[in-house]
Amino acid sequence: MKLNQDMHLSEDQILLAVVGDEDLSPYYKEHLSSCLQCQEHKSRVEGDLSRLGRLARSLSPLPKRRLSLPAETRSFWIWSWRVKTAFGLAIAAILVIFVMGEQDIFKTIRSQKPVVQTRDTAGADTFEDEGLMTNITALSKNALPEEYMDIAAGSDPKIDEGFMEFMAPAVEDEPLSEDSNYKGDKPC
Amino acid sequence: MQQSDQQRHAGKANASVHIELVEKARAGNRLAFEKLADLFHHDVFRMVYFRTRSQMDAEDLTQDIFLQAFKSLPELKSVDRFKSWLFSIAVNRVRDFHRRKRIQRLFNFSSVIQKDNDEGSGTQEKPDQLDNLISLDFWKKVELILKGFPAMEREVFILRFMDQLEIKEISQILKKDQSTIKTHLYRALKKFRGSSVILEYFEGDKT
């Protein structure tokens with residue numbers, strides 16, 4: 001293919017060539033390799049850019065301070081890395097122990113649970129009722145609390161039942177004086 | 001032709017020396033890391049200065065960058081990418097610095113402006129005033145041009161033409177594929193060429 005020497009690369013194509021020759025189409029690549037005008041154009045652009053870089057470098061100051069690296073940073077880093085690893089392992093071990101302990105606790109609870117679970121709600125109600133009835137019976141016998149028992153002397157063990165019977169006999173033990181079959185002195 | 005062959009050979013020799021130093025430094029050799037730091041100190045400092053325009057900030061950031069590199073070196077996978085890796089740390093640190101500065105500006109506007117002005121006036125009071133004036137004029141113009149670039153195009157442009165890195169290195173630093181980098185670079189170049197400011201500057205510089 002014969003190249004048209006008048007068909008020079010445009011500014012955009014030159015810029016594309018500056019970014020990277022390989023991005024140009026083969027036609028323009030070939031033209032660039034043979035056309036002095038286009039080569040000059042390209043080197044002018046490249047020259048401007050390299051001058052920019054050179055100026056930027058020459059017009060920037062040099063560092064005044066020297067770099068300082070901490071003397072023990074590396075060993076500290078290794079040390080801290082080891083400490084971190086050891087700490088992680090310790091945490092993991094504690095977790096394992098804790099989880100295993102938890103499992104034992106659960107096993108114990110599980111072994112106890114059937115006793116609780118076998119008692120049905122009706123049985124529990126009956127149990128509660130029995131307790132309640134016992135309390136009521138105790139209260140009906142003696143409603144006084146423990147601390148009032150001394151004052152009331154109701155439960156004085158020194159006064160026995162025989163003496164109380166003598167002092168205040170029960171009604172049904174009295175003689176039936178109006179009975180016709182009664183033998184003995186007649187009342188007036 | 002012969003000269004370019006010599007340069008290429010020298011470059012290869014340098015690269016092998018770098019790789020050797022990086023391997024030693026990664027294995028915990030402090031001296032090897034100090035040699036690496038000496039080799040790249042100026043490049044990293046300049047790279048930071050191009051983006052901060054403050055000697056003090058550039059020195060502080062450079063120190064931070066090398067400290068971080070020193071700590072993270074065992075994590076570096078391929079030793080032949082040390083330069084790109086170091087520059088990627090630098091790019092991230094500079095990005096953090098600008099982010100922090102923006103936040104500071106937001107909450108403490110007046111004092112930051114005052115500090116910036118103090119730094120600017122400080123350079124003018126130096127003995128070599130003509131050099132400082134040229135420097136100020138140049139950086140002002142560069143800032144004027146780059147201000148109009150989107151962030152990615154600006155970064156790629158500075159990395160390529162001011163830090164003078166290869167497309168491959170830039171793609172490793174910014175973690176983008178080479179064609180994306182080329183696209184950004186092409187767009188940035190178009191804007192750069194279209195800027196009258198820089199054309200005037202270079203025309204004036206030639207005469």
task: Supply the atom-to-atom distance Arg65(A) CZ to Thr62(B) OG1, rounded to the nearest 0.5 angstrom.
output: 9.0 Å
- request: Would you check if Arg57(A) and Tyr49(B) make a side-chain contact, meaning some heavy-atom pair closer than 4.5 Å?
  value: no
message: Do the side chains of Glu11(A) and Arg193(B) get close enough for a salt bridge, i.e. N-O under 4.0 angstrom?
response: yes
statement: Counting heavy-atom pairs under 4.5 Å with chain A, the top scorer among Gln164(B), Gln63(B), Met162(B) is Gln63(B)
- request: Using a strict cut-off of less than 4.0 Å between a Lys/Arg side-chain nitrogen and an Asp/Glu carboxylate oxygen, indicate whether Glu59(B) and Arg66(A) qualify as a salt bridge.
  value: no
field: Gln55(B) to Pro63(A) - nearest heavy-atom pair and separation
entry: NE2-CA, 4.1 Å
task: Could you tell me the separation between the CZ atom of Phe161(B) and the CZ atom of Arg54(A), rounded to the nearest 0.5 Å?
output: 14.0 Å
query: Between Asp38(B) and chain A, which part of the residue has a heavy atom less than 4.5 Å away: side chain, backbone, both or neither?
result: side chain
- request: State, to 0.1 Å, how close Phe45(B) and Leu62(A) come at their nearest heavy-atom pair, and which atoms those are.
  value: CE2-C, 3.8 Å
statement: Pair count under 4.5 Å, heavy atoms only, with chain B: among Val18(A), Val19(A), Leu67(A), highest is Leu67(A)
query: Looking at Asp60(B), Ile158(B), Ile181(B), which one has more heavy-atom pairs under 4.5 Å with chain A than the rest?
result: Asp60(B)
query: Between CG of Leu55(A) and NZ of Lys141(B), what distance do you get to the nearest 0.5 Å?
result: 11.5 Å
field: Residue part contacting chain B, namely of Glu22(A), when any heavy atom lies under 4.5 Å
entry: side chain
field: Interface moiety of Tyr186(B) toward chain A, non-hydrogen atoms closer than 4.5 Å
entry: both
message: Is any side-chain heavy atom of Leu15(A) closer than 4.5 Å to one of Phe192(B)?
response: no
- line: Most heavy-atom pairs under 4.5 Å with chain B, out of Ser60(A), Gly20(A), Pro61(A), Ser50(A), belong to Pro61(A)
message: Is the shortest side-chain heavy-atom distance between Leu189(B) and Leu49(A) below 4.5 Å?
response: yes
message: Which atoms of Ser58(A) are under 4.5 Å from chain B, going by heavy atoms: the side chain, the backbone, both sets, or neither?
response: neither
